[in-house]
Enquirer: 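Quick one: structure below, then a few questions.
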Amino acid sequence: MSFLLTARQPCYNRPCPPEKRMFKEELNPVETIILRTLKSLKIEWDAEIVWSSTPFSGEWGFGTAIGFQAAAKDAAAKDSGVKNIPQRAQEIAQALVKAIGAPAGFVSVEAVRGYINLSIDPQVYARRVVDTILADGENFARGDAKTEKVMVEYSAPNTHKAFHVGHLRNVILGGAMANIFEFAGYETVRANYWGDIGWHVIKWLWCYLRFHKDEEPQGDRTRWMQEIYSQATQLVEDQPEMEEEARKLYKRWDARDPELIALWERTRSWSIEGIMQIYEVLGEHFDVFFFESEVEEPGKKLVEELITRNIAVDDRPNGGTVAIKLDELLGLDKETFRVLVVLRSDGSSLYATKDLHLAIKKFDEWNIDRSIYVIDVRQSLYMKQIFKTLEIMGFKQSLNCFHLAYEIVNLPGDVTMSSREGTVVMFDDLLQEAVKRARDIVQQKNPGLSEDLKAKVALSVALGGLKYPLLAVDTNKVATFDWESALNFEGQASPYIQYAHVRANSILARAGDIPAPVSPAYTLEAAEITLLDRLSRLPETVQRAAQDYKPLHLANYVYDLAREFTNFYQRCPVLRADENMRNFRLRLTAAARQTLKNSLALLGIQAPDVM
RNA sequence: GCACCCGUAGCUCAAAGGAUAGAGCGACUGACUUCGAAUCAGUAGGUUGGGGGUUCGAGUCCCUCCGGGUGCGCCA
């Protein structure tokens, strides 16, 4: 049987996509020789050849462990008599090296303990890397256009509630993921799905009518909405008669009482406006908004269809629910998918009612090929149930649905943030504090800047400071929010990367124009080679991040790049160097600046010119 | 009970089944008359939770145990 979540697992073990390898012209002929030689050695080989960079500082080259893999195959073959695989690997590597000879573009070809190492000529390739980056500019590392169209659903906020830092991880992750898909060459649709109806909204409306009638939101709308929501929750939880009273409002809702609907529309728009402001600050935009309220009725119709088709069981006559007994339908003895309730006993809709319809609507109306859901890990079983149900319904594209799960953000002591319980840190509070701190540091480091510029820099540093740590940790790690570390911008953090960009910019500003293309006529320093090697890798990193659904790859990449650029400018004088060296290093600096900027942009982080 | 996730330096985390497991923070020692010190150089810190297995090769894959987190019929 097929588990859907394995159908769309990221494909690991895929090296750099050939289309984006900056040295394919040189490596391809070598690969041809290797394959031909292996054939003549009677060793079967049909996989890709994986090249990784050689791990020796100051050298620039590619290595492959193919000798080991070939030796292992050789040993597995009957009658080969091969016992000592490392020894055989070295023999094969030597044979391959002999066959490869002295190919164009490489300065050395060696067999080392079973590995084959090719060193490229840095003087030649240094120029290629730099020229490519400067010619491509902000499109450097953009992938070739793919035929696949991808939708990324993320954020999915509830109206009438807080937007807290627990929600931040979702937006930042989803936004970065969408950026990456788009840049990798996929046509990308950013979708947001608003929870604008349900018990939380009914409670809110009840509380408003009862205690806040005719009030208008004061100041921070989202906060004001949250305060009423907290009050409503508390009242309903503490006093059963209050809950009863609030629930009565459902009747008016179901009857589409015009007055109530009008109030809902007005209050809902307050919430939406407030949250849209947050998106604007974060630099997020969406191509399409779905609303729970608009998919509720079609969802119910879909459930009727499921009942008719004997997929869902209608137990309402006995006071039960409408449910899909997945394990039973699939004939599974072991509990796997369990039961998905798709309609309440009173006939009202649930999350699943709407999600089933919406899943199909996405493909039908947007003509997408893949549908990605950025939703926290606690909904993994639920997502599996939805996708499986779609599959049972015969909706083949269910195989192209993928749940991008991420762990939640807790408060210290494993306290889960909950707007219901009011245990939240509001995004706005965090941002304001972060901006304040960043502003203080700018003031201290660069008092000469205009006030306007200081404010701009502080905002981009603060936002980067908040975003980067959420992207630089793998999605399956639980995050703990505490003020101290959230506002600590030292070390492996966004300001360090932004600062590297600023320094590059500063050198270039002093130099004036970027010189014309030039090859280095001197022996490159190790720091330069390391930097060039890293620069050449952004294209493959973008592809890998998209393939693995991991902005983390880029977060790691851009930090490494920043560190290597910093190392370069500390060791290698640029402006004071002789003409050829100065010109090449200026171009290298410009290439680093561009690549830092492009990489940060994919993470949704701005690269300031000064700070 | 059935599943999923986590466990790597004192702390927070990296690490394409591949070459010597790397960063940051914290600690200690140094570097601003030098392209900007939000920086850099150096020192210390590890039997990758324990035990089996697969493999030429395991932090990475499989099994098992321990410790922590999460989910599992009318919440979203």
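Below, chains carry the letters A, B, ... as their sequence lines are ordered, and counting in each starts from 1.
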Enquirer: To the side chain of R338(A), which of A76(B), G73(B), C72(B) is closest?
Expert: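 When the side chain of R338(A) is considered, C72(B) is the closest of A76(B), G73(B), C72(B).
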Enquirer: For R113(A) and U20(B), is the shortest distance between a side-chain N/O and OP1 or OP2 below 4.0 Å?
Expert: yes
Enquirer: From C75(B), G26(B), A37(B), pick the nucleotide closest to the side chain of Y499(A)?
Expert: A37(B)
Enquirer: Can you tell which of A15(B), G36(B), A76(B) lies closest to the side chain of Q379(A)?
Expert: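 Selected nucleotide: A76(B).
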Enquirer: Would you say Y115(A) stacks on A19(B), if stacking means ring centres under 5.5 Å apart and planes within less than 30 degrees?
Expert: yes
Enquirer: Kindly point out which of C40(B), A14(B), G18(B) is positioned nearest to the side chain of L552(A)?
Expert: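 When the side chain of L552(A) is considered, A14(B) is the closest of C40(B), A14(B), G18(B).
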Enquirer: From the set A15(B), G73(B), C72(B), return the single nucleotide nearest to any side-chain atom of A323(A).
Expert: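 Closest nucleotide among those given: G73(B).
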Enquirer: Quick one: which of A76(B), A15(B), C56(B) gets closest to the side chain of P86(A)?
Expert: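 Closest of the options to the side chain of P86(A): C56(B).
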Enquirer: Using the purine O4'-C1'-N9-C4 or pyrimidine O4'-C1'-N1-C2 torsion, is G73(B) syn (within 90° of 0) or anti?
Expert: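 G73(B): syn glycosidic orientation.
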Enquirer: Using the side-chain heavy atoms of K477(A), tell me which of these nucleotides is nearest: A14(B), U39(B), C35(B).
Expert: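 Closest of the options to the side chain of K477(A): A14(B).
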Enquirer: In terms of base orientation, is C13(B) syn or anti, with the syn window spanning 90° either side of 0?
Expert: anti
Enquirer: Does Y351(A) put a side-chain nitrogen or oxygen below 4.0 Å from OP1 or OP2 of G73(B)?
Expert: no
Enquirer: Please determine whether a side-chain nitrogen or oxygen atom of T566(A) lies at a distance below 4.0 Å from atom OP1 or OP2 of U39(B).
Expert: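 False: T566(A) side-chain N/O out of range (4.0 Å or more) of U39(B) OP1/OP2.
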Enquirer: Does T159(A) form a side-chain hydrogen bond (donor to acceptor under 3.5 Å, both in side chains) with S271(A)? I'd like the steps, not just the answer.
Expert: CA-CA 5 Å; T159(A) 62; S271(A) 223; 5.0 Å; no
Enquirer: If you look at every strand shown and take non-hydrogen atoms under 4.0 Å, does V377(A) touch a base, only sugar-phosphate, or nothing?
Expert: nothing
Enquirer: May I ask you to test the D327(A)-V339(A) pair for a side-chain heavy-atom distance under 4.5 Å?
Expert: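 SC-SC contact between D327(A) and V339(A) ruled out.
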